[in-house]
Amino acid sequence: MGVSCQTFFVSNYELGATLSSGQAFRWRPSDSGGWRGVVGRRWVRLTQTSGAILAETPLPCSDWDWLVDYLQLRIDLDLVLATFPDEPPMRAATDACRGLRLLRQDPWECLASFILSSTKQIVQIQQIVDVLCNCFGSRIPTLEKDREAFSFPDAGRLAQADETELRACKMGFRAPYLLGTARAVANGDIDLAKLGYLPIEEARAQLMELPGVGRKIADCVLLFAYGFQKAFPVDVWILRALKSLYFPRRKLKIVRVHAFATSHFGPYGGYAQQYLFHHMRLALPGRRSKHQASQRVAPTI
DNA sequence: GCCCAGGTGAAGC
DNA sequence: GCTTCACATGGG
């Protein structure tokens, strides 16, 4: 009935890397070879061909701005890459994957997802988000038979849940954090729609008022949802990498790392961070032996 | 069984 | 102030 599809011509866009690089958690490889996911209340299938991305959605669609914005198709990546520091680690990361992009996600979904991310592997975050959407989201139409999909539950819906229901979604100790934040958003203690217009420091401070949101998760939301491209999330992997690359054998305070990162990686530090993060992760999935896992050393970059 | 995972908040010095 | 620890759950 209302099926819509659209082709977007792109260059330097690695769709798979972008959708699976740990910034969004609702994309899976599709049976047909592309990627299936949910953006807002739309199920979408994206397929990359040479020089283009094909988008298919079961709902009628005449205006594709929502997807152009989500995929950040108008970004001139070369301009971004040119601002990176010219040094071996960055070159290695950009050589390994030219075309990794930052998405522009819905702030609430991004915030809630990253609250669930703490001390979880990306695969597990995906699983938790899946269960959460199945339990609390609304069913939406798909283009794949026998595969149902659900929207990401809004803050108001989760605010009505109780902690036990959330824990049933396998999120463990994160349940009270998500619940508290959902209630703060739902009752207007914080206005997510306004954060994007604030200076980054103020937006970050407001996010960090929320339960379960510290510096790292706040930076993820600033970067992946609001497009503050200077935001530089420092997780365990980035921390190890920066230590071994720039501060070998020195005890390091985290504030020092943030100061270094913001000055060293330039105005698109968030992009640089994502390239470094993705590059490190490339050496990981499935290839990680018990021996390597116990070494506590950042992969060589 | 053990260690780790895109951390945070609270308790202990 | 800074350091240490608990917090659920699942994978390697």
Side-chain angles (χ1 to χ4, degrees), chain A residues 17-27 93 100 102-103 105 109-132 135 163-182 184 204-225 228 231-243 250-258 261 269-299 301:
Chain A
T18 299
L19 298 180
S20 68
S21 63
Q23 41 179 328
F25 302 102
R26 303 210 59 197
W27 294 97
L100 177 64
L102 290 183
L103 301 168
Q105 301 177 55
E109 177 173 340
C110 186
L111 171 61
S113 299
F114 274 97
I115 285 175
L116 300 177
S117 77
S118 68
T119 54
K120 275 292 178 193
Q121 295 181 355
I122 289 175
V123 193
Q124 297 169 345
I125 303 167
Q126 292 174 332
Q127 291 167 357
I128 296 171
V129 169
D130 241 18
V131 180
L132 185 71
C135 289
E163 190 179 317
T164 312
E165 292 178 279
L166 293 181
R167 280 184 188 262
C169 297
K170 308 296 181 188
M171 65 183 73
F173 63 83
R174 303 159 195 82
Y177 295 156
L178 181 60
L179 184 56
T181 290
R204 178 187 292 125
Q206 286 200 27
L207 287 170
M208 289 177 67
E209 290 291 312
L210 297 165
V213 182
R215 173 67 189 252
K216 190 270 174 181
I217 290 176
D219 279 341
C220 285
V221 177
L222 292 172
L223 183 63
F224 301 139
F228 286 102
F232 194 102
V234 177
D235 73 313
V236 285
W237 287 99
I238 288 288
L239 183 62
R240 280 174 207 157
L242 294 186
K243 270 184 179 172
R250 194 187 331 169
K251 192 152 169 59
L252 200 54
K253 284 169 184 157
I254 192 76
V255 288
R256 185 104 171 68
V257 176
H258 285 127
Y271 258 94
Q273 178 274 156
Q274 195 64 11
Y275 271 85
L276 294 172
F277 180 77
H278 182 66
H279 183 39
M280 289 188 293
R281 248 169 53 81
L282 282 181
L284 233 63
R287 283 167 266 197
R288 199 152 167 250
S289 68
K290 286 187 178 182
H291 176 64
Q292 282 174 327
S294 64
Q295 275 193 332
R296 294 198 203 181
V297 181
I301 56 177

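All chains are named by letter (A, B, ...) in the order of the sequence lines, taking the proteins before the strands, and each is independently numbered beginning at 1.
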Could you check how far [atom1] of [X] sits from [atom2] of [N], rounded to whole Å?
{"X": "A:Leu252", "N": "C:dT3", "atom1": "CG", "atom2": "C1'", "result": "15 Å"}
{"X": "A:Ile128", "N": "C:dG11", "atom1": "CD1", "atom2": "C1'", "result": "13 Å"}
{"X": "A:Lys170", "N": "B:dA5", "atom1": "NZ", "atom2": "P", "result": "22 Å"}
{"X": "A:Gln126", "N": "C:dG10", "atom1": "CD", "atom2": "P", "result": "16 Å"}
{"X": "A:Lys253", "N": "C:dC2", "atom1": "NZ", "atom2": "P", "result": "6 Å"}
{"X": "A:Leu19", "N": "B:dG6", "atom1": "CG", "atom2": "P", "result": "18 Å"}
{"X": "A:Met171", "N": "B:dT8", "atom1": "CE", "atom2": "C1'", "result": "16 Å"}
{"X": "A:Leu178", "N": "C:dT9", "atom1": "CG", "atom2": "P", "result": "15 Å"}

Is [X] touching bases, backbone alone, or none of the nucleic acid, heavy atoms closer than 4.0 Å?
{"X": "A:Phe224", "value": "base"}
{"X": "A:Val236", "value": "sugar-phosphate"}
{"X": "A:Val123", "value": "nothing"}
{"X": "A:Ser21", "value": "base"}
{"X": "A:Arg174", "value": "base"}
{"X": "A:Gln274", "value": "base"}
{"X": "A:Leu239", "value": "nothing"}
{"X": "A:Lys216", "value": "base"}
{"X": "A:Gly214", "value": "sugar-phosphate"}

Indicate the atoms forming the closest heavy-atom contact of A:Gly269 with A:Phe232, along with that distance. O-CD1, 3.3 Å
When the C1' atoms of C:dT3 and B:dG6 are compared, how many Å lie between them, rounded to an integer? 23 Å
CD (A:Glu209) with more than 12 external heavy atoms under 6.0 Å: no
Taking everything shown except A:Lys216 itself, do over 12 heavy atoms lie less than 6.0 Å from its NZ? yes
Are any of the side-chain heavy atoms of A:Ile122 and A:Arg281 separated by less than 4.5 Å?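 Answer yes - side chains close enough.
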Ignoring the backbone of [X], work out which of [options] is nearest its side chain.
{"X": "A:Tyr177", "options": "B:dG6, C:dG10, B:dT8", "answer": "B:dT8"}
{"X": "A:Gln124", "options": "B:dG7, C:dA8, C:dT9", "answer": "C:dT9"}
{"X": "A:Phe173", "options": "B:dG6, B:dG9, C:dC7", "answer": "C:dC7"}
{"X": "A:Trp237", "options": "B:dG6, B:dG7, C:dT9", "answer": "B:dG6"}
{"X": "A:Arg167", "options": "B:dG6, C:dA8, B:dT8", "answer": "C:dA8"}

Residue whose closest nucleotide on DNA chain C lies nearer the 5' end, A:Thr119 versus A:Gln127: A:Thr119
Nearest 0.5 Å, please: how far is CD in A:Gln274 from CG in A:Leu100?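 Result: 5.5 Å between the selected atoms.
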I need the A:Cys110 SG to A:Ile217 CD1 distance, nearest 0.5 Å.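 One gets 10.0 Å once the value is rounded to the nearest 0.5 Å.
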With nearest nucleotides of DNA chain B determined for A:Met208 and A:Cys220 from heavy-atom distances, which residue corresponds to the more 5′ nucleotide?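 On the 5' side of the pair lies A:Cys220.
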State whether the aromatic ring of A:Phe114 stacks on the base of B:dG6, taking stacking to mean ring centres under 5.5 Å apart and ring planes under 30° to each other. no
